[in-house]
J.: 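Following this message is one structure expressed as C-alpha cells.
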Amino acid sequence: MKDITVCIGSSCHLRGSREVVQALDRLVREAGLQEEVNLRGSFCMGACEQGVCVAFEGARYSLSPATAEAFFRDTVLPALGAQGGKA
Ligand code: FES
C-alpha cells in the first residue's frame with residue numbers, strides 16, 4: 001500500500017485540491033488499485049505557491065486538476081509496477 005497525500009490546506013484548496021482528490025480517487029478505482037493506493041489528505045505542506053501539493057514516495061509534486069491524470073499515469077502507475085496499466 002502506497003500513500004498519495006494531497007494537501008487540502010486553504011491555498012491548495014483554492015487551487016483545486018478537491019478536484020485533484022476526486023480525479024485521483026476515480027483513477028485509482030478505474031485501475032482497480034484500491035488495495036495498492038491510499039489517498040490521504042494533509043494540512044498545509046508549506047509550499048502553497050506550488051500547489052496543489054501532492055506527496056508520493058518521498059517526493060513532492062505540484063498538481064492541478066488538469067494534470068492529475070498525467071501524474072497518475074506517469075508517476076503513480078510506474079511506481080506500482082503499472083498494474084492495471086492503461087498507460
Ligand atoms: S496550502 Fe497546500 S502547501 Fe500550503
Side-chain angles (χ1 to χ4, degrees):
M1 183 71 96
K2 294 182 188 293
D3 286 340
I4 302 175
T5 305
V6 180
C7 178
I8 54 171
S10 53
S11 175
C12 289
H13 177 76
L14 289 174
R15 292 172 187 244
S17 61
R18 184 189 173 92
E19 287 81 1
V20 169
V21 170
Q22 288 173 342
L24 291 174
D25 182 57
R26 175 177 56 80
L27 291 160
V28 165
R29 280 187 282 108
E30 283 178 359
L33 293 172
Q34 299 95 320
E35 303 297 319
E36 314 288 335
V37 177
N38 185 33
L39 271 178
R40 306 162 48 98
S42 160
F43 293 116
C44 180
M45 294 182 185
C48 304
E49 67 285 353
Q50 293 164 31
V52 176
C53 290
V54 174
F56 180 67
E57 295 282 274
R60 194 172 63 216
Y61 300 87
S62 174
L63 298 195
S64 72
T67 59
E69 184 156 358
F71 165 76
F72 185 79
R73 189 182 58 230
D74 297 340
T75 303
V76 177
L77 285 180
L80 294 171
Q83 301 105 318
K86 289 189 197 170

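Note that ligands are numbered from 1 as they come in the structure, with each ligand's atoms numbered from 1 the same way.
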J.: Taking only heavy atoms of Ser11, which atoms of ligand 1 are found under 4.0 Å from at least one of them?
T.: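 Once the distances to Ser11 are compared, the set is 1 (S).
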J.: Please find out if atom 2 (Fe) of ligand 1 and some N, O or S atom of Cys7 are separated by less than 2.8 Å.
T.: yes
J.: Applying the 4.5 Å side-chain criterion to the ILVMFWY set and letting contacts propagate, would Val6 and Leu33 be lumped into a single cluster?
T.: yes
J.: Once you round to the nearest 0.5 Å, how far does CD1 of Ile4 lie from CG of Leu39?
T.: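 Rounded to the nearest 0.5 Å, the CD1-CG separation comes to 5.0 Å.
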J.: Do Met45 and Val20 belong to the same hydrophobic cluster, where Ile, Leu, Val, Met, Phe, Trp and Tyr are linked whenever their side-chain heavy atoms lie under 4.5 Å apart, directly or via other members?
T.: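 In one cluster with Met45: Val20, no.
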J.: If the cut-off is 2.8 Å, does any N/O/S atom of Cys12 fall short of it from atom 2 (Fe) of ligand 1?
T.: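 Short answer: yes, at least one N, O or S atom is under the cut-off.
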J.: To which of Arg60, Arg15, Met45 does the heavy atom nearest atom 3 (S) of ligand 1 belong?
T.: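 Looking at heavy atoms only, the winner is Met45.
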J.: If you round to the nearest 0.5 Å, how far is CG of Leu77 from CD of Glu36?
T.: 11.0 Å
J.: Which of the atoms of ligand 1 are close to Gly46, meaning less than 4.0 Å from one of its heavy atoms?
T.: 3 (S)
J.: Any N/O/S atom, backbone or side chain, of Cys48 lying under 2.8 Å from atom 4 (Fe) of ligand 1?
T.: yes
J.: Should Gly51 be listed as contacting ligand 1, given a heavy-atom distance under 4.0 Å as the test?
T.: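 For ligand 1, residue contact (heavy atoms, under 4.0 Å) with Gly51 is absent.
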J.: What is the distance from atom OH of Tyr61 to atom OG1 of Thr5, rounded to the nearest 0.5 Å?
T.: 12.0 Å
J.: Working to the nearest 0.5 angstrom, can you tell me the gap between Ser64 OG and Glu19 CD?
T.: 10.0 Å
